[in-house]
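Report on the following structure.
Start at 1 and go down the list; that is how both ligands and their atoms are numbered.
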Amino acid sequence: MIPAAYAVLDLAALKANLQQVRSYVPAARVMAVVKANGYGHGLIRVALALKEADGFAVARVEEGILLRKAGFKQRIAVLEGFVDGEELMAHQRFALEPVIHQTEQLHWLESVSLAGALRIWLKLDTGMHRLGIEPAEFQRFQRRLARCRHIVQPISLMTHLANADDTSDGKTIEQIERFHQVARGIETEKSIANSAGILAWRQSHADWVRPGIMLYGVSPFPERNARHYGLQPVMSVHSRLIAIKQLRRGDAVGYGGDWRCPRDGRLGIAAIGYGDGYPRHVATGAPVLVNGQRVPLVGRVSMDMIALDLSDCAKAKVGDRVTLWGEGLPVEEIARHAATIPYTLLCGITQRVRIFEADPAILHGEDLSHPLTRHYSATAE
Ligand SMILES: *Cc1c(COP(=O)(O)O)cnc(C)c1O
């Protein structure tokens, strides 16, 4: 039985996107960002598909431990680093590379006795004001870190760009310059670029790049879809029509009755909603594919269902496949209709959505029609 709501992942696309990253930055090493459960695609599955990456980056130590326990041998940077001695020791035990971004971490590095070598990244705050030390503090950190016996020297340096997704914003160049003011002349590994940096800011490329969203086949820029950058979508989310109704002009649809049928017409109900991670804020008029044809979503998104105007989709029947985003319907477009960014849609897919690495319809050698539909249409003929 094929579940009502499911995602199909194109792992070949993930691999191709990594190659595409390399074509943008042939000289740099690639630290594939797989935080937040591989942007909702599954941490281990994504890391396996990206095993050619030079390293991985995760947000939190527990994500790094999962990768090590699964047997990955690459370097792994932990972007939030540690907050106490126990987490510091876990970094060492699992050969994870913490990002050092504040004085408290220095205290821990100086007071915990580590059994062996620890590689670290020192993060400079060049203007994002989230994590990182002030450039003026750099020498103090460098001096104290140089005295910690177990830290591998030279330490690596990184920063993060706040506005790189806006290609007309001068702040990115300021950040890059501020980073180089500190890092210039220091012979060590340096890393600045996220996906937007890789695609739009050549000056940010440095030794290591940290692509996230582009690996998953999604553009970091609001105005351009991934295809423009030669990236292929990895996740497609599907459901099916579970009901079709005839409506009369003026009928109100869904909670609150926000949307009224402007003419007599056909309404389709698909089995997916915010309980699956399809955002409640997707607005009336957002496109949805029914058997590959675009139809508009109407009314409010419910927990388990959405309504579609099928007036111009005469052939649609119960059991037909509905695609929420993916191949043929960029997630970037849906994000705009939900007044959000594609990252939140990918990460927001819930446990209820089954993930397949190949299209289950092809896998089972059958179409996606609900058995009941086939029965009914057969008897009607
Ligand atoms: C999430 C993250 C990235 C990846 O960003 P994308 O926009 O997904 O490419 C890179 N670096 C840091 C520090 C991050 O937190």
Side-chain angles (χ1 to χ4, degrees), residues 14 17-18 20-22 24-25 28-41 43 46-47 50 53-61 63-64 67 75-82 96-102 105 120-133 156-167 169 171-172 175-176 179 189-201 204-226 229-231 233-235 331-332 335 340-348:
L14 199 56
N17 294 336
L18 175 60
Q20 194 67 359
V21 169
R22 292 203 190 276
Y24 280 99
V25 286
R29 281 185 281 173
V30 178
M31 189 189 290
V33 182
V34 295
K35 62 194 181 188
N37 195 30
Y39 286 50
H41 296 64
L43 172 67
V46 164
L50 297 177
D54 305 291
F56 293 110
V58 293
R60 304 184 184 160
V61 62
E63 297 170 327
L67 286 177
R75 289 175 59 184
I76 301 174
V78 178
L79 297 171
E80 293 174 3
F82 53 86
L96 305 173
E97 303 180 16
V99 170
I100 304 303
H101 53 79
Q102 62 178 337
Q105 291 169 313
I120 62 169
W121 290 82
L122 181 60
K123 184 167 194 177
L124 297 167
D125 179 359
T126 53
M128 181 154 180
H129 300 133
R130 192 177 62 181
L131 296 184
I133 65 165
S156 308
L157 300 178
M158 72 159 67
T159 193
H160 192 42
L161 301 173
N163 297 27
D165 58 338
D166 181 350
T167 52
D169 193 326
K171 177 156 177 193
T172 298
Q175 280 198 268
I176 294 169
F179 180 79
E189 300 173 333
K190 297 165 194 172
S191 177
I192 305 172
N194 56 2
S195 298
I198 291 165
L199 294 172
W201 305 91
S204 73
H205 288 176
D207 303 305
W208 282 87
V209 292
R210 308 189 306 270
I213 197 77
M214 70 184 289
L215 290 172
Y216 306 94
V218 176
S219 164
F221 305 107
E223 69 281 2
R224 288 231 165 94
N225 290 344
Y229 298 100
L231 302 168
V234 175
M235 180 193 288
V331 67
E332 292 94 321
T340 185
I341 53 174
Y343 299 72
T344 68
L345 274 64
L346 301 182
C347 291

**Item:** Winner among Leu346, Val99, Ile213, Thr159 once heavy atoms are compared against atom 6 (P) of ligand 1
**Value:** Ile213
**Asked** What atoms of ligand 1 come within less than 4.0 Å of a heavy atom belonging to Arg130?
**Response** 15 (O)
**Asked** Hey, is Lys35 close enough to Glu63 for a salt bridge, meaning N to O under 4.0 Å?
**Response** no
**Asked** Is the shortest N/O to N/O distance between Arg210 and ligand 1 below 3.5 Å?
**Response** yes
**Asked** Counting distance only, does the side-chain N/O of Glu332 pair as donor-acceptor with the main-chain N or O of Pro222 below 3.5 Å?
**Response** no
**Asked** Which ligand 1 atoms does Lys35 reach within 4.0 Å, using its non-hydrogen atoms?
**Response** 1 (C), 2 (C), 3 (C), 14 (C), 15 (O)
**Request:** Look at the rings of Trp121 and Trp208 and say which category their plane angle falls in: under 30° parallel, 30 to 60° tilted, over 60° perpendicular.
**Result:** perpendicular
**Request:** Indicate yes or no: does an N/O atom of Gly212 lie under 3.5 Å from an N/O atom of ligand 1?
**Result:** yes
**Item:** Pair Asp54 + Arg22: basic N to acidic O under 4.0 Å
**Value:** yes
**Message:** Can you name the atoms of ligand 1, numbered from 1 with element, that are less than 4.0 Å from a heavy atom of Tyr39?
**Reply:** 1 (C), 4 (C), 5 (O), 6 (P), 8 (O)
**Request:** Considering only NZ, NE, NH1 and NH2 on the basic side and carboxylate oxygens on the acidic side, decide whether Arg75 and Glu189 come within less than 4.0 Å.
**Result:** yes
**Request:** Kindly confirm or rule out an N or O of Pro211 lying under 3.5 angstrom from an N or O of ligand 1.
**Result:** no
**Item:** Under-4.0 Å heavy-atom contact with ligand 1, by part of Ser195 that carries it
**Value:** both
